[in-house]
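Have a look at the structure below, then the notes.
Chain letters run A, B, ... following the sequence lines, proteins first, then strands; residues in each count from 1. What you are looking at is a predicted structure, and each value in this text was computed from that prediction instead of being measured.
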There are 2 protein chains.
Amino acid sequence: MARGLSIGRVARATGCKVQTIRYYEGIGLLPQPHRTNGNQRQYDESAIGRLSFIRHARELGFSLEAIRDLLALSDDPDNSCADVDRVAQRHLDQVESRIARLQSLQRELKRMLTQCRGGKVATCKVIDVLSDHSLCVSDDHREGPSL
Amino acid sequence: MARGLSIGRVARATGCKVQTIRYYEGIGLLPQPHRTNGNQRQYDESAIGRLSFIRHARELGFSLEAIRDLLALSDDPDNSCADVDRVAQRHLDQVESRIARLQSLQRELKRMLTQCRGGKVATCKVIDVLSDHSLCVSDDHREGPSL
DNA sequence: CTTGAAGCTCTAGTTACTGTAGATATTAGG
DNA sequence: CCTAATATCTACAGTAACTAGAGCTTCAAG
């Protein structure tokens, strides 16, 4: 009876785009599903679970590589939770340093904007600030791929 | 006397990589410099200024497109500062919404991690949280290219 | 049985670079 | 002046994580 789910149904159920699902299959995050006689993909419920997991983790800013790790860990229920925690903790660290950097950036932008109201470009503080490297707040511009 | 600066010197002076400078030239952010007989680029001091501007703005998270706008505006000193302000203000708005989203993400990650200490994957709360879409905090996952 | 939506594969484009290969140029030391 | 080391040149490929399109086939409804 249960005929299986078309890729479009899975897309609607999870909020992913059809192409994204195919892309995830291509890079090995999703297993290759059964195909109909006409070569169309047919999924079962478990695909929705796995894809929801991926999508939610992406929304939380995990990279596809981190998600690949998480999926591998979760596929083995005897695995120690500590490994999963480690991935999440590392991600939390990244998020926190990112917040800190954005906040210092926010301060600098606000300062720029309050100093410069009206006037001509020739005296624009925004451009001054951007030109003057010595005013730079942060030297950290290395950042992981996530988010 | 002043023979002009090699690309390597400019790179060291600004903290950019040599390839990055050539890339910026290729996409029209930097003008084509004079060349030596041997076809090597020779810059003057003004190139360092322009490149520092670009680099600093990048560090502050402006996209190359925004920087292109800013450079065009700053190249005409009669321009109204308001246009420059508008670019900076829009960027500030983006930064602030990004901070807000990261903070809610931070809360969710912390909650995940405090709920799950030790144990096996089969009962791991991190994986539970990531699997359960209904717990999702934020629905905003559209974001501009900058930073 | 027809028609239109949905699916298929494959390719190229996005952003902002980074890295490599293989050839040429410049500079410093002897 | 010659050589060796370093720097630069062009051109192309690769990165992350998709997105969009061309041109074709399949499916479901009426």
Taking atom P of D/dT15 as reference, at what distance in whole Å does atom CD1 of A/Ile27 sit? 12 Å
Reported NE2-to-CD distance for the pair B/His34 and B/Gln40, which is rounded to 0.5 angstrom: 12.5 Å
Could you tell me how far apart B/Ile7 (CD1) and D/dT6 (C1') are, to the nearest whole angstrom? 15 Å
Can you tell me if B/Tyr24 touches the phosphate of C/dC17, counting only side-chain N or O atoms and a distance under 4.0 Å to OP1 or OP2? yes
At under 4.0 Å, does any side-chain N or O of B/Ser63 touch on OP1 or OP2 of C/dT15? no
Within the structure shown, what part of the strands sits under 4.0 Å from A/Arg41 by heavy-atom distance: base, sugar-phosphate, or nothing? sugar-phosphate
Taking atom P of D/dT8 as reference, at what distance in whole Å does atom CG of B/Leu5 sit? 11 Å
Between A/Tyr23 (OH) and C/dT14 (C1'), how many Å, whole number? 13 Å
Check the distance between C/dC17's C1' and B/Arg58's CZ and give it to me in whole angstrom. 9 Å
Just to confirm, is there a sub-4.0 Å distance from OP1 or OP2 of D/dA17 to any side-chain nitrogen or oxygen of A/Lys17? no
Could you tell me if the side chain of A/Leu29 sits less than 4.5 Å from the side chain of A/Tyr23, heavy atoms only? no
Identify, between B/Asn37 and B/Leu64, the residue whose nearest nucleotide on DNA chain C lies closer to the 5' end. B/Leu64
May I ask you to decide whether B/Lys110 forms a salt bridge with A/Glu96, counting only side-chain N to carboxylate O separations under 4.0 Å? yes
Would you indicate what B/Arg35 reaches in the nucleic acid, counting non-hydrogen atoms under 4.0 angstrom: base, sugar-phosphate, or nothing? sugar-phosphate
In whole angstrom, what separates B/Ile21's CD1 from C/dT18's P? 11 Å
Between B/Gln40 and A/Arg22, the residue closer to the 5' end of DNA chain D by nearest nucleotide is B/Gln40
Atom pair distance, as rounded to whole Å: CD1 in A/Ile67 and C1' in D/dA16: 12 Å
Does the side chain of A/Ser6 get closer than 4.0 angstrom to OP1 or OP2 of D/dC27 through an N or O atom? no
B/Arg68/B/Glu65 ion pair, N-O < 4.0 Å: yes
Given the rule in the side chain to side chain contact (heavy atoms under 4.5 Å, CB included) test, do A/Arg41 and A/Arg22 qualify, once you have shown the distances and angles that lead to the verdict? CA-CA 10 Å; A/Arg41 290 169 178 82; A/Arg22 289 196 281 246; 3.4 Å; yes
Does A/Thr20 make a side-chain N or O approach to OP1 or OP2 of D/dT19 shorter than 4.0 Å? yes
Which whole-number value in Å describes the distance from A/Phe62 CZ to D/dA17 C1'? 17 Å
